Number of protein chains: 2
Amino acid sequence: MAAQIIDGKAFAATVREKVAGHVARLKEENGITPGLAVVLVGEDPASQVYVRSKGKQTVEAGMNSYEHKLDADTSEEDLLAVVNQLNNDPNVHGILVQLPLPGHLNEDLIINSIDPAKDVDGFHISNVGLLGTGQKSMVPCTPLGCLMMLRDHHGSLSGMDAVVIGRSNIVGKPMAQLLLGDSCTVTIAHSRTKDLPDVVRRADIVVAAVGRPEMVPGDWIKEGATVIDVGINRIERDGKNKLVGDVDYASAVERAGAITPVPGGVGPMTIACLLANTVTACCRANGLAEPEGLTA
Amino acid sequence: MAAQIIDGKAFAATVREKVAGHVARLKEENGITPGLAVVLVGEDPASQVYVRSKGKQTVEAGMNSYEHKLDADTSEEDLLAVVNQLNNDPNVHGILVQLPLPGHLNEDLIINSIDPAKDVDGFHISNVGLLGTGQKSMVPCTPLGCLMMLRDHHGSLSGMDAVVIGRSNIVGKPMAQLLLGDSCTVTIAHSRTKDLPDVVRRADIVVAAVGRPEMVPGDWIKEGATVIDVGINRIERDGKNKLVGDVDYASAVERAGAITPVPGGVGPMTIACLLANTVTACCRANGLAEPEGLTA
């Protein structure tokens with residue numbers, strides 16, 4: 001039996017709707033418009049596309065979008081000054097510094113200069129620490145999107161065996177923390193894992209976040225497991241450019257109980273969760289009740 | 001074949017010796033004496049014993065020990081003032097606020113008021129975040145002690161299957177981060193785990209940190225696995241008081257390849273690692289090379 005397809009595109013639309021609803025209420029009832037500031041340094045083409053897309057969806061959700069485009073040779077001092085200004089701007093509730101930064105800039109330093117309460121990417125070490133101790137935090141967008149889809153599909157995740165493949169700071173590690181917070185038994189596997197097929201085969205939930213095209217074949221997937229494919233890999237096949245995940249979709253869809261496609265799975269959820277984090281940050285900054293179902 | 005006993009008491013003595021050697025060098029070559037300040041609020045008898053023991057070992061290692069004993073009804077404001085004073089005291093390189101604090105004090109608030117660079121317990125959210133992103137941090141003492149013993153026994157841990165039972169902020173979660181940092185495939189199990197015996201049976205390394213007397217029987221242990229028992233549980237047996245771990249030692253010793261006893265295993269390592277963290281913090285504060293082998 002083929003798996004149920006988890007439609008990330010449709011789910012992201014419902015998240016954006018929820019966000020827009022909360023934004024409308026914040027405007028009406030509190031006279032507050034949430035604002036998201038995105039800082040882009042340099043002219044990386046992929047980053048430009050992301051930033052444009054973020055700005056567009058921010059405005060569509062009824063929020064204010066502030067874009068700060070800085071020269072590729074911007075000094076660390078000048079960038080820190082921009083971040084500092086945004087930290088102190090009461091109209092800005094979320095700040096995102098688009099990564100990667102040009103090589104002469106210290107990413108850790110810049111990210112950790114953002115006010116943790118406005119750190120809608122959830123990369124500040126304070127937010128990592130809060131998440132890592134089960135406290136209220138800003139949660140990184142991609143794993144938050146994965147968690148939302150899993151909760152939506154399963155209801156409770158308590159007691160499920162989850163395997164996260166990949167141990168990046170942006171996806172793998174925060175994903176593991178989130179699954180642990182929802183009381184899964186969590187295994188983190190990675191390039192040094194000895195018998196990866198065996199590790200994956202015992203999982204009720206598989207989150208693949210390694211960035212290697214189709215590295216997880218269907219026969220590693222336990223019958224009926226839920227597969228969340230975070231990978232977005234550009235490959236050439238039959239002379240055409242194609243986007244594929246970290247999971248071999250064609251074979252995995254035959255064994256999984258549910259699976260996210262690529263594209264149209266995890267991808268669209270990431271920006272939706274960025275918007276969700278911005279509303280959450282805005283509510284917290286103003287001492288208002290947070291929207292439900294929009295964070296971990 | 002019975003397991004090799006990992007003698008934590010003897011190992012802790014070698015750590016303390018290393019620390020004392022570095023302290024002597026710091027004094028001689030740099031004119032610096034590392035200092036550890038311990039703050040105790042109230043009269044909890046167990047805490048008093050720990051604090052006394054910490055102070056004694058600090059002095060034995062050649063370091064300065066500062067004890068601040070405050071009344072049980074000390075206000076949050078007054079306690080924060082003490083921490084602030086210690087943060088600003090250049091003779092104090094490590095600060096430890098003994099937990100648990102009396103109920104009217106907010107532990108998170110107090111711990112997060114410690115300068116992260118002096119947070120030798122490694123509980124500040126910045127240190128949790130640094131550890132959680134693979135950066136240099138202050139590492140919680142008990143899991144650091146476990147890691148040291150594992151590295152000493154195995155050399156490299158890369159690719160080993162490790163299971164941590166227990167997801168506390170003080171032991172389980174940082175232990176998982178440390179094992180992941182050493183490239184183990186790490187599983188975190190806990191009270192909601194469905195088939196704990198099965199999870200434990202596949203592990204090359206078992207770290208038990210739940211605080212339930214002898215809950216892990218020997219037949220859950222894979223032949224030849226290394227067992228690190230963090231539990232220190234006081235029980236009564238045959239009319240006598242006895243200390244036992246989270247692992248049933250008598251049966252586990254017959255299957256494990258190596259095992260830490262209780263008492264005399266993990267326990268003695270904790271204060272030794274506190275001393276190690278204090279020297280590390282002192283070196284970092286003074287821009288000096290850190291001692292090798294005393295942190296993660």
Side-chain angles (χ1 to χ4, degrees), chain A residues 107-109 111-112 116 119 122-138 140 156-170 172-174 176-177 179-196 198-204, chain B residues 107-109 111-112 116 119 122-138 140 156-170 172-174 176-177 179-196 198-204:
Chain A
E107 282 189 1
D108 285 334
L109 181 79
I111 295 303
N112 288 324
D119 167 41
F123 296 159
H124 190 293
I125 53 162
S126 292
N127 280 315
V128 178
L130 289 167
L131 179 61
T133 50
Q135 297 179 74
K136 198 178 271 196
S137 66
M138 282 283 127
S156 167
L157 309 181
S158 180
M160 296 183 79
D161 278 313
V163 169
V164 178
I165 317 174
R167 52 174 162 170
S168 74
N169 291 334
I170 292 176
K173 287 179 185 171
Q177 295 287 358
L179 292 167
L180 189 63
D182 271 28
S183 293
C184 292
T185 302
V186 181
T187 298
I188 312 177
H190 44 78
S191 56
R192 303 294 176 83
T193 293
K194 272 182 307 194
D195 190 350
L196 188 58
D198 192 51
V199 171
V200 174
R201 266 184 205 117
R202 62 196 189 211
D204 305 313
Chain B
E107 282 189 2
D108 286 334
L109 181 80
I111 296 302
N112 289 323
D119 167 41
F123 296 158
H124 190 292
I125 53 163
S126 292
N127 281 316
V128 178
L130 289 167
L131 180 61
T133 51
Q135 296 179 75
K136 197 179 269 194
S137 66
M138 280 285 127
S156 168
L157 309 181
S158 180
M160 295 183 80
D161 278 313
V163 169
V164 178
I165 316 174
R167 51 174 163 170
S168 73
N169 292 333
I170 291 176
K173 287 178 182 171
Q177 294 287 358
L179 292 166
L180 189 63
D182 271 29
S183 294
C184 293
T185 302
V186 181
T187 299
I188 312 178
H190 44 80
S191 55
R192 304 293 176 85
T193 293
K194 274 183 306 195
D195 190 350
L196 188 58
D198 193 51
V199 171
V200 175
R201 268 187 202 112
R202 63 198 190 209
D204 305 314

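Note that this is a predicted model, so its numbers are computed, not measured. In what follows, chains carry the letters A, B, and so on, assigned in the order in which the sequence lines appear, proteins first and then strands, with residues in each chain numbered from 1.
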When the 4.5 angstrom heavy-atom criterion is applied to Asn127(A) and chain B, the contacting part is neither

Scored by heavy-atom pairs under 4.5 Å with chain A, the best of Asp161(B), Leu196(B), Ile170(B), Thr187(B) is Thr187(B)

Rounded to the nearest 0.5 Å, how far does CG of Leu157(B) lie from CZ of Arg192(A)?
-> 12.0 Å

Counting heavy-atom pairs under 4.5 Å to chain B, which of Thr133(A), Thr193(A), Leu130(A), Val163(A) comes out on top?
-> Thr133(A)

Whatever's closer than 4.5 Å to a heavy atom in chain B on Asp204(A) counts as side chain

Heavy-atom distances under 4.5 Å only: say whether Asp108(B) touches chain A with side chain, backbone, both or neither.
-> side chain

Are side-chain heavy atoms of Arg202(A) and Asp198(B) found at a separation under 4.5 Å?
-> no

Candidate list Leu180(A), Thr185(A), Val186(A), test side-chain contact (heavy atoms from CB on, under 4.5 Å), partner Arg167(B), passing option = Leu180(A)

Rounded to the nearest 0.5 Å, how far apart are OG of Ser158(B) and NZ of Lys194(A)?
-> 9.5 Å

